[in-house]
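What follows is a short report on a single structure.
Please read all numbers here as calculations on a predicted model, not as lab measurements. Throughout, protein chains are lettered first and strands after them, A, B, ... in sequence-line order, and every chain is numbered starting at 1.
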Amino acid sequence: MIDLKLIQNSFDSTATALRRKKVDSELIESLKIANENLKTAKLAYESLQAKQNEMSRLFGQYKKEGKSTDELKIEVDANKLLLNELLETQRQAEEALEAIAMRVPNLPDAEVPDGEDENDNVEIQKVLTPPTFEFTPKEHWELAEQNGWIDFERGVKLAKSRFSVVSGIGARLERALINFMLDFNRERGFMEVSVPMLVNRRALEGTGQLPKFEDDLFKVEEEELFLIPTAEVPLTNLYQDEIINAAELPIKMTGYTSCFRKEAGSGGRDVRGMIRQHQFHKVELVAITRADQSDVVFDEMVACASDLLAALGLPHRLVTLCTGDLGFGAARTVDLEVWLPGQNTYREISSVSNTRDFQARRARIRYKEEGKNMLAHTLNGSSLAVGRTMIAIMENFQQEDGSIRIPDVLQKYL
RNA sequence: GGGUCACUGGCAGAGUGGUCGAUUGCACCGGUCUUGAAAACCGGCGAGGGUAACACCUCCCAAGGUUCAAAUCCUUGGUGGCCCGCCA
């Protein structure tokens, strides 16, 4: 959630910033009004509550002194009716505010370039040179089937389209990658955490997937639980509703989970192969920091993911997302795009975001510094999507006969 | 899954309808004493919101309910202990 004080105190600049993220002024205006309504309602309710408390105290005193309470009771009863009305008004004002506020995205950082979509993203850096081939490189699905690594048909048989089965060396490579990434991240100071892959509504609200993006999530109906779309959700929400000692920050975590996404809006994109699946494996990085630490940790996370790719020998580039491509909760995002020779293009394999205090305000993640409670900053980044890393390895390290060379760093994991 | 007992400030632990947001001990912070420390003594000390600062509001696992008034009574849920059943 964005800071409502910003709406209250510096409306114009906040509205301008939000407009960069395609939020229309009307919504911002209604947010301001809803906030003011709540403040008014609260004030009215609380001062009447104070009166009620005072009368109840008197009631007890009268009883003790043996005085008659008949008159007081009439007054107190009348006040209670009014109190209930004001409470209801306040409740409605709260609901109205939340309905709007929870659907307003985060403000982009000032340095984030303006833009409409991914075409306006800005390349920062290329790492490693794409390999040249003396033959026409194949796409990963061809290589995967030829090597017997991935079985797309049987995945569909077991579940539905966009599911697949990985077996043999492919399955072992998948496991090797997960272990390699977790070890790599641990050496960079990220503590490994194993978390639930089903979470409740509150957790998803905390990180911003709900209420707005329920259509993208798989839900276990009877339990009101959801399959996680990313480990960012359980990892960040570990500290939901907590006040952390400032000295313990930054908290840097890494975790491996499966991720589940409905891919509702993706239409017919990437139907072939393993680029876009309903279930995929991912090793994630999450950090909870003090407000003044998040920029440094952000760079650490980008470096961690980029160095991991480099260690695997995978050419890639770093891209700053423009305002139009920025996610709901992100103030700033750097994507890592890996080179895919079969597709002759760079494709996203990791995404590192700083949400600043946006998630922390929703999830109530705070830290105590010199006796004051401050909202933490939260950051998340994929330390590589495992499936897409497999794809990149297949396409970059393919030989003319279709066999695939395994990167040296993975040898000891196989 | 069934039964039963419990859940109170950092910890321990009082409080069973009314000046209780909560006795007390430990821990913690300040002071006196001391060369310094410990001990002893004195004072302070739960949390969230709100305010320029007060005021004020809320919080005794959570959500409802009864009552003028709830930590205290009732209902449901959660978590933990023990017993039974089941399972990896």
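Contact check, A:Gln49 against B:U58: a side-chain N or O comes under 4.0 Å of OP1 or OP2. Phosphate contact (OP1/OP2 of B:A55, side-chain N/O of A:Lys51, threshold under 4.0 Å): absent. Dashed line: the shortest gap from a side-chain N or O of A:Lys80 to OP1 or OP2 of B:C68 is not under 4.0 Å. For B:G49, the OP1/OP2 oxygens have a side-chain nitrogen or oxygen of A:Arg366 closer than 4.0 Å.
Backbone-only engagement by A:Ile243 is indicated by non-hydrogen atom pairs under 4.0 Å involving sugar-phosphate atoms exclusively. Heavy atoms of A:Asn53 sit under 4.0 angstrom from primed sugar atoms or phosphate atoms, though from no base atom.
Between B:G9 and B:A71, the two P atoms lie 14 Å apart (nearest whole Å). As rounded to the nearest Å, B:G50 and B:C45 have C1' atoms that lie 22 Å from one another. B:G78 sits 39 Å from B:C26 when the P atoms are compared, rounded to a whole Å. Atom name P, nucleotides B:G46 and B:A52: the rounded distance is 24 Å, in whole Å.
Side chains of A:Gln8 and A:Asn35: a donor on one and an acceptor on the other come within 3.5 Å. A donor-acceptor pair shorter than 3.5 Å can be found between the side chains of A:Gln359 and A:Glu232. For the 3.5 Å distance criterion, the side chains of A:Thr254 and A:Arg186 fail to qualify, holding no donor opposite an acceptor.
Residues A:Met390 and A:Leu177 form a side-chain contact, since some pair of their non-hydrogen atoms from C-beta on lies under 4.5 Å apart. Side chains of A:Asp295 and A:Asn354 form a contact here, defined as non-hydrogen atoms less than 4.5 Å apart.
For B:A40, the paired base is B:U32 (Watson-Crick or G-U wobble, both distances below 3.5 Å).
Mapping A:Ser47 and A:Lys368 onto RNA chain B by nearest heavy atom places A:Lys368 closer to the 5' end of the strand.
The interatomic distance linking A:Leu87 (CG) with B:G64 (P) rounds to 10 Å, in whole Å. At whole-Å resolution of the value, CD in A:Gln61 and C1' in B:G18 are 11 Å apart. If you take CG of A:Leu97 and C1' of B:G49, they are 15 Å apart, rounded to a whole angstrom.
Here B:G50 is the nucleotide among B:G49, B:A69, B:G50 with the atom lying nearest to any side-chain atom of A:Lys5.
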